[in-house]
Protein chains: 2
Amino acid sequence: MLSGNAVIIHISPIIQQGLKNILLARNIGISDIMNAFPECSVLSEWKNMLLFVDTQYAEEFKKHGKIMKKNGNTVFGIGTTMSANQPDLYFDEILNIYDNADIILQKINDYGTGVSDYKSNNQLSAREIEILTKIALGLSNKLIADQLFLSIHTVITHRKNITAKLGIKSISGLTLYAALNNMVDSHS
Amino acid sequence: MLSGNAVIIHISPIIQQGLKNILLARNIGISDIMNAFPECSVLSEWKNMLLFVDTQYAEEFKKHGKIMKKNGNTVFGIGTTMSANQPDLYFDEILNIYDNADIILQKINDYGTGVSDYKSNNQLSAREIEILTKIALGLSNKLIADQLFLSIHTVITHRKNITAKLGIKSISGLTLYAALNNMVDSHS
DNA sequence: CGTACAATCCCAATAAGTAGGTATTTTCAG
DNA sequence: CTGAAAATACCTACTTATTGGGATTGTACG
């Protein structure tokens with residue numbers, strides 16, 4: 001299930017796509033990806049959205065900041081330097097492209113209260129990771145139980161705990177999460 | 001392991017994923033994504049590969065550059081500043097993250113003469129691909145039907161055809177297929 | 001010693017997907 | 001124009017997943 005709406009405003013196609021992948025891995029839906037600021041009429045329509053904006057757009061942002069922060073929107077700046085950028089008047093939080101995925105998602109979670117209940121994957125136990133990899137490989141609960149010599153109930157319980165910890169409900173979301181976190185070898 | 005002939009060596013997960021998406025869209029397979037330089041023994045095994053390396057790794061690169069350029073490999077530096085980085089002793093070409101996708105792919109094409117399409121041409125229809133992307137996003141048949149103004153039966157029928165054509169039964173398998181073929185896209 | 005948590009097991013109800021079909025309309029290349 | 005493929009819609013029976021409760025061990029930590 002998609003559990004949120006995000007807009008990416010960044011001129012770099014690499015960062016657009018990279019952020020897209022990371023957000024999609026968490027099943028955070030992306031409403032739009034744009035290279036520059038849209039018209040105010042568009043801005044004012046966003047409600048309860050996650051906005052990801054290049055920190056270098058600070059000047060443009062001054063003109064639109066108030067509108068963007070209206071209606072429950074959360075604005076994340078995307079920094080491209082190693083230097084520690086701090087949240088400021090314009091941005092609720094700064095995402096640095098050198099942050100690892102866990103940190104990025106944690107920052108999003110801190111502000112995206114309506115988005116999901118994210119917890120970093122280091123809170124997954126070894127057994128849960130083991131289960132998750134098998135889910136991502138398309139095995140049914142029954143097969144996982146057989147392979148690990150567990151009852152199917154145990155597998156289901158692990159699964160419930162995994163979805164609770166990650167905030168990812170769908171099989172495809174878990175699969176993407178596992179793939180993007182190198183938990184599963186993918187062969188095309 | 002992803003199959004293909006490109007390797008991404010970059011600490012930023014956003015850039016890793018973003019470049020991955022752009023390369024996959026170009027049918028360039030990705031063999032590996034890593035955060036730091038591997039052992040020389042690994043480096044020396046690469047042949048006719050496209051290597052994408054953070055320009056900030058220049059120091060490490062000095063030690064490994066010769067090996068990396070051996071065996072027909074092409075080395076692209078990934079720059080993160082607006083300043084115009086030029087190809088140099090270490091890098092055959094500099095990709096700037098602010099380059100648009102066309103320029104990035106043109107630069108790659110100029111050097112990636114040995115690149116071959118790794119992706120099998122899928123025999124899926126446009127509609128089936130549309131359905132598949134939504135499956136990979138974790139949408140239920142019901143939601144897919146609603147979004148595309150179809151009945152749930154039609155979605156199920158498409159789904160059956162997709163699984164028949166690809167020989168992939170599980171949701172996670174379809175998700176990985178969609179991800180590896182760059183079909184996973186933001187919902188609009 | 002008590003708390004937290006991982007790992008294990010169980011049940012029942014509901015939701016969702018799969019596996020067999022059949023069948024009409026639309027689109028498009030020959 | 002015609003046939004093939006695609007897209008659409010429907011059905012039943014069946015399997016699997018999800019949800020929301022329980023519960024019991026064992027172990028690590030202060």
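The basis for the numbers below is simple: all heavy atoms, side chains too, and nothing from hydrogens, waters or symmetry mates.
In terms of modelled atom types and a separation under 3.5 Å, the side chain of B:D92 and the main chain of B:V75 share a donor-acceptor contact. A distance-only check finds no donor-acceptor pair linking the side chain of A:T163 to the backbone of A:I168 [under 3.5 Å]. A donor-acceptor pair is defined here as one N or O able to donate and one able to accept, closer than 3.5 Å; no such pair exists between the side chain of B:S172 and the backbone of A:T175.
Distance A:L139 CG to D:dT16 P: 12 Å, rounded to the nearest Å. Atom C1' of nucleotide D:dT15 and atom CD1 of B:I171 are separated by 12 Å, given to the nearest angstrom. Look at CG on A:L143: it is 14 Å from C1' on D:dA17, rounded to the nearest Å. To the nearest angstrom, P of D:dA6 lies 18 Å from CG of B:L148. Rounded to a whole Å, the CG atom of A:L174 is 12 Å from the C1' atom of D:dT18. Rounded to whole Å, atom P of D:dA7 lies 9 Å from atom CD1 of B:I131. Between the NZ atom of A:K142 and the C1' atom of D:dC14 there is a distance of 16 Å, rounded to whole Å.
Considering all non-hydrogen atoms of both residues, A:I97 and B:I15 come closest at CD1-CD1, 3.7 Å. What you find for A:F76 and A:F91 is that their closest heavy atoms are C-CD2, 4.0 Å. A pairwise comparison of heavy atoms in A:I94 and A:K107 identifies O-NZ, 2.9 Å as the closest pair. Between A:N73 and A:W46, the shortest heavy-atom contact is ND2-O, 3.0 Å. Here the shortest heavy-atom pairing between A:I171 and A:R159 reads CG1-NH2, 3.4 Å. When every heavy atom of A:D99 is checked against every heavy atom of B:P13, the shortest pair comes out as O-CG, 2.9 Å.
Residues B:R127 and B:L148 form a side-chain contact, since some pair of their non-hydrogen atoms from C-beta on lies under 4.5 Å apart. Side-chain contact between B:I11 and B:Q56 is absent, with no heavy atoms from C-beta onward closer than 4.5 Å.
Taking a 4.0 Å limit (strictly below) on heavy-atom distances, residues 154-162 of chain A reaches DNA chain C at A:T154, A:T157, A:H158.
A nucleotide of DNA chain C counts as in contact with chain A when one of its atoms lies under 4.0 Å from a heavy atom; the first and last such, 5' to 3', are C:dA6 to C:dC11.
The side chain to side chain donor-acceptor pair (under 3.5 Å) check on A:H10 picks up A:D54, with sequence neighbours excluded.
When the local axes at the two ends of the helix from C:dC1-D:dG30 to C:dG30-D:dC1 are compared, using 5 base pairs at each end, they differ in direction by 60° after rounding to 10°.
Through chains of ILVMFWY side-chain contacts below 4.5 Å, A:I156 is grouped with A:I152.
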Once base and sugar-phosphate atoms are separated, protein heavy atoms under 4.0 Å mark nucleotides 25-30 of chain D, 5' to 3', with B, S and - as ------
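Here the nucleotide nearest the side chain of B:H153, chosen from D:dT18, D:dC10, D:dT19, is D:dC10.
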